[in-house]
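Data block below; observations after.
We count ligands from 1, going down the list as the structure has it; atoms in each ligand are counted the same way. Just so you know, these numbers use all the heavy atoms, side chains as well, and skip hydrogens, waters and symmetry mates.
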Amino acid sequence: PIKAAIFDLDGVIVDTAKYHYMAWRRLAEELGFVFTEKDNERLKGVSRMRSLEILLEVGGLADRFTAEEMAAMAARKNEWYVQYISGMDESEILEGAVECLAGFRALGVKTVLGSASKNAMLILNNLRLVPYFDVIIDGTRVTKAKPDPEVFLLGAKEAGVKPEECVVFEDAQAGIDAAKSAGMKAVAIGRPDELHGYDRIFRGLYEVKPREILEQD
Ligand code: G6P
Ligand code: MG
């Protein structure tokens with residue numbers, strides 16, 4: 001039986017992709033190239049440093065910078081990103097997210113955050129979502145980025161449940177792969193032509209009925 005529901009943050013509970021994109025695009029502009037919204041799709045679910053590597057690749061600037069310069073660029077991007085997300089409030093919670101979290105809880109299922117972002121706490125605080133989670137695992141707690149299952153396995157451990165008793169909600173392919181390699185059930189949030197390897201797929205949490213997820217297991 002399912003005993004814990006693990007949620008990715010960016011793209012599942014809140015649409016921060018647009019703010020990540022604004023900050024990455026600004027960095028690309030400084031470096032003298034255009035970073036499109038389509039390029040930005042490749043950064044979903046990917047760690048900050050790996051995102052920078054992909055961005056530089058897109059700009060034809062791969063391997064041009066030292067580790068120190070790269071760290072400074074990532075830090076600058078993050079400063080901008082933090083500025084953008086500091087203005088967020090509850091109106092930016094995606095449709096159905098609160099109902100879904102509360103719905104699982106009402107059925108006795110633990111709610112867990114499993115995010116790669118080091119800014120997850122800032123976002124959850126601004127959106128007043130902290131009380132909806134029993135366990136919060138963010139990018140400050142893990143060393144291996146998705147598709148490594150570390151973030152989800154740690155979430156299961158802290159929730160006191162086995163991996164096979166978890167269902168993961170993810171919008172990124174790296175996250176779906178991470179859930180499957182953790183031995184968990186993967187529910188994709190997105191479009192069937194863009195994702196694969198999931199157990200179920202929905203367009204958003206507004207389509208998810210917690211009771212049905214438990215019954216189908
Ligand atoms: C999530 C987002 C990625 C982002 C990563 C790290 O997985 O989908 O786009 O790069 O978190 O976020 P951070 O806030 O730590 O830079
Ligand atoms: Mg995501």
State the atoms of ligand 1, each with its element, that fall below the 4.0 Å cut-off from a heavy-atom position in [X].
X: S51; value: 10 (O)
X: V46; value: 3 (C), 4 (C), 5 (C), 10 (O)
X: N119; value: 13 (P), 14 (O)
X: K118; value: 13 (P), 14 (O), 15 (O)

For residues R26 and Y84, is any side-chain donor paired with an opposing acceptor at under 3.5 Å? yes

With respect to the Mg ion (ligand 2), please indicate if D8 possesses an N, O or S atom at a distance under 2.8 Å. yes

What residue and heavy atom of the protein are closest to atom 9 (O) of ligand 1, and at what distance? L43 O, 3.1 Å

Please report which non-hydrogen protein atom sits nearest to atom 7 (O) of ligand 1, along with the residue it belongs to and the distance in Å to one decimal place. G45 CA, 3.3 Å

Mind checking whether [X] and [Y] have side chains closer than 4.5 Å, heavy atoms only?
X: M88; Y: V14; answer: yes
X: L94; Y: V12; answer: no
X: V109; Y: K3; answer: no
X: E164; Y: M184; answer: no
X: K157; Y: K162; answer: no

Is the shortest N/O to N/O distance between [X] and ligand 1 below 3.5 Å?
X: N78; result: no
X: Y81; result: no
X: R48; result: yes

Taking the non-hydrogen atoms of G139, is any one of them nearer than 4.0 angstrom to ligand 1? no

G11: heavy atom below 4.0 Å from ligand 1, yes or no? no

Ignoring hydrogens, what is the shortest heavy-atom contact between I6 and L113? Give both atom names and the distance. CG2-C, 4.5 Å

T111 (side chain) donor-acceptor with D134 (main chain) under 3.5 angstrom: yes

Can you check whether Y19's main-chain N or O pairs, donor with acceptor, with T16's side chain at less than 3.5 Å? no

Could you see which bit of H20 sits under 4.0 Å from ligand 1, with heavy atoms only: side chain, backbone, both or neither? side chain

Relative to ligand 1, is D10 under 4.0 angstrom through side chain, backbone, both or neither, heavy atoms considered? side chain

Suppose we only allow N, O or S atoms; which atom of D10 ends up nearest to the Mg ion (ligand 2)? O

So which of the N, O or S atoms of D171 lies nearest the Mg ion (ligand 2)? OD1

Between F7 and F152, is the gap from one ring center to the other below 6.0 Å? no

